[in-house]
Number of protein chains: 2
Amino acid sequence: MNHGTMNRCFGAILKELGLKETPKRRAILEILAEQQGFLSPEEIWHALRVRFETIGLPTVYRNLEELAAGGVISTIIHPSRQLYYYFCRGESGHHHHFICTSCRRVEDIPECTAATMEGDIATRTGGKITSHIVQFNGLCHRCLVEEEGRTA
Amino acid sequence: MNHGTMNRCFGAILKELGLKETPKRRAILEILAEQQGFLSPEEIWHALRVRFETIGLPTVYRNLEELAAGGVISTIIHPSRQLYYYFCRGESGHHHHFICTSCRRVEDIPECTAATMEGDIATRTGGKITSHIVQFNGLCHRCLVEEEGRTA
DNA sequence: TAACAAAGGAAAACGATTTCTTTTTAGTTT
DNA sequence: AAACTAAAAAGAAATCGTTTTCCTTTGTTA
């Protein structure tokens, strides 16, 4: 999927979620899609201010939350507790992430062991699982090699 | 382990972590240990204000963070994004949780599938995993039954 | 193009954290 | 056992990041 195709897709994606297609909403998706790693709401806001004279931080937070709720983008749970968002171009269904805390690259983890665990837990406890959080944090291959180069 | 034994343990626990044994620190552990579910920093603060004339919220946050870093208590990642803490009396080693978003009960999940997944991911990506987050959210057996009773 | 629902802006509120200074504590020394 | 000292903890206020509220503007559908 090239850049042009992707941008034309955004409208359809938003419509499916029952969200109106506004220029700002589309811009948020574009900014995230251009990026290979995850971004903070404030970083996205800075990028938006280049294109729009008036754009408030609450608008950015609101949109990111809606898009994440709709599954178009993913929330990254950073160890620093700062909030980040990521546009997944690989896996489209349910999956998890391995994030690099150094360069912010994200790798998809397609196999969801959590799904099978959910059944086990529900059976054992008699409860019902509505959601789960699974994320792996560390250093990607490149950052690991780089770090080893410095310490060697 | 009864109440008295538990309280006498707290001093040793704190010493192991290199933390000084202060009345407030001990009280935070006591308050969390008395509770079967998870508590918010502010709720803990309210409970502390009954015992201490002066106790600031920052003190509570600091202590909770230190205790969580030391592994004495666990951080609960609530879907609402509010921060919660929980004192694990069951499993002492590495494990995960199934939390009830209704009544705040917590069930330990001893088997850590994540540990084996870490190896797979590290091998496949060539990176290094430093931490992971695994948590299951839902309704415990009691709350599920209660809910079914209302809708039936 | 009118009508309605949803989205956006501004300001305020809220939750969590940092900074800086004072107080308290644990371990040592009289 | 009482006093001393270095390190850690606590308080107050400010700050940062995130969210809510309320009112105006915009996008969608008929």
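We name chains A, B, ... by the order of the sequence lines, and we start the count at 1 in each one.
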query: Under 4.0 angstrom, heavy atoms only, what part of the nucleic acid is Leu57(B) near: base, sugar-phosphate, or nothing?
result: nothing
message: Both Leu83(B) and Thr54(A) contact DNA chain C. Taking the nearest nucleotide for each, which residue is further toward the 5' end?
response: Thr54(A)
query: Roughly, in whole Å, what's the span from CD in Glu66(B) to P in dT17(C)?
result: 12 Å
task: May I have the distance from Leu14(A) (atom CG) to dA6(C) (atom P), rounded to whole angstrom?
output: 15 Å
message: Could you tell me how far apart Ile28(A) (CD1) and dG8(C) (C1') are, to the nearest whole angstrom?
response: 11 Å
query: To the nearest Å, how far apart are Leu67(A) CG and dG8(C) C1'?
result: 15 Å
- prompt: Glu65(A) has a side chain; which of dT19(D), dA16(C), dA26(C) sits nearest to it?
  reply: dT19(D)
- prompt: Do the side chains of Leu64(B) and Leu32(B) get nearer than 4.5 Å, heavy atoms only?
  reply: yes
- request: Would you mind telling me which of dG9(C), dA16(C), dT18(D) lies closest to the side-chain atoms of Thr59(A)?
  value: dG9(C)
field: Asn137(B) side chain to Thr130(A) side chain, donor-acceptor N/O pair below 3.5 angstrom
entry: no
message: For dA5(C), does the base pair up with any side-chain atom of Lys20(A) as donor and acceptor (N or O, under 3.5 Å, distance only)?
response: yes
message: Using a 4.0 Å heavy-atom cut-off, does Arg25(A) contact any base of the nucleic acid, only the sugar-phosphate backbone, or nothing at all?
response: sugar-phosphate
- prompt: When the distance from CG of Leu19(A) to P of dG8(C) is rounded to whole Å, what number comes out?
  reply: 9 Å
message: Parallel, tilted or perpendicular, judged at 30° and 60°: which one describes the rings of His97(B) and Tyr86(B)?
response: perpendicular
- prompt: Could you give the OH-to-C1' distance, from Tyr84(A) to dG17(D), as a whole number of Å?
  reply: 11 Å
- request: Could you tell me whether the phosphate oxygens of dT19(D), OP1 or OP2, come under 4.0 Å of any side-chain nitrogen or oxygen in Tyr61(A)?
  value: no
Flag, side chain of Ser40(B) to backbone of Tyr84(B), donor-acceptor distance under 3.5 Å: no
- prompt: Just to confirm, is there a sub-4.0 Å distance from OP1 or OP2 of dA10(D) to any side-chain nitrogen or oxygen of Thr22(B)?
  reply: yes
- line: The nucleotide from dT19(D), dG8(C), dT17(C) with an atom nearest the side chain of Pro58(B) is dT17(C)
field: Nearest-angstrom distance from the residue atom CZ of Phe52(A) to P of dT26(D)
entry: 13 Å
task: Respond yes when some side-chain nitrogen or oxygen of Lys15(B) is under 4.0 Å from OP1 or OP2 of dA26(C), and no when none is.
output: no
message: Could you tell me how far apart Glu43(B) (CD) and dA16(C) (P) are, to the nearest whole angstrom?
response: 11 Å
- prompt: Given that Arg62(A) and Gly18(B) both sit by DNA chain D, which one's nearest nucleotide is further toward the 5' end?
  reply: Gly18(B)
message: Out of the candidates Glu107(B), Arg105(B), His141(B), only one should pair with Thr125(A) under the side-chain contact (heavy atoms from CB on, under 4.5 Å) rule; please name it.
response: Glu107(B)
- request: Give a yes/no on whether any side-chain N or O of Arg81(A) is located under 4.0 angstrom from OP1 or OP2 of dG17(D).
  value: no
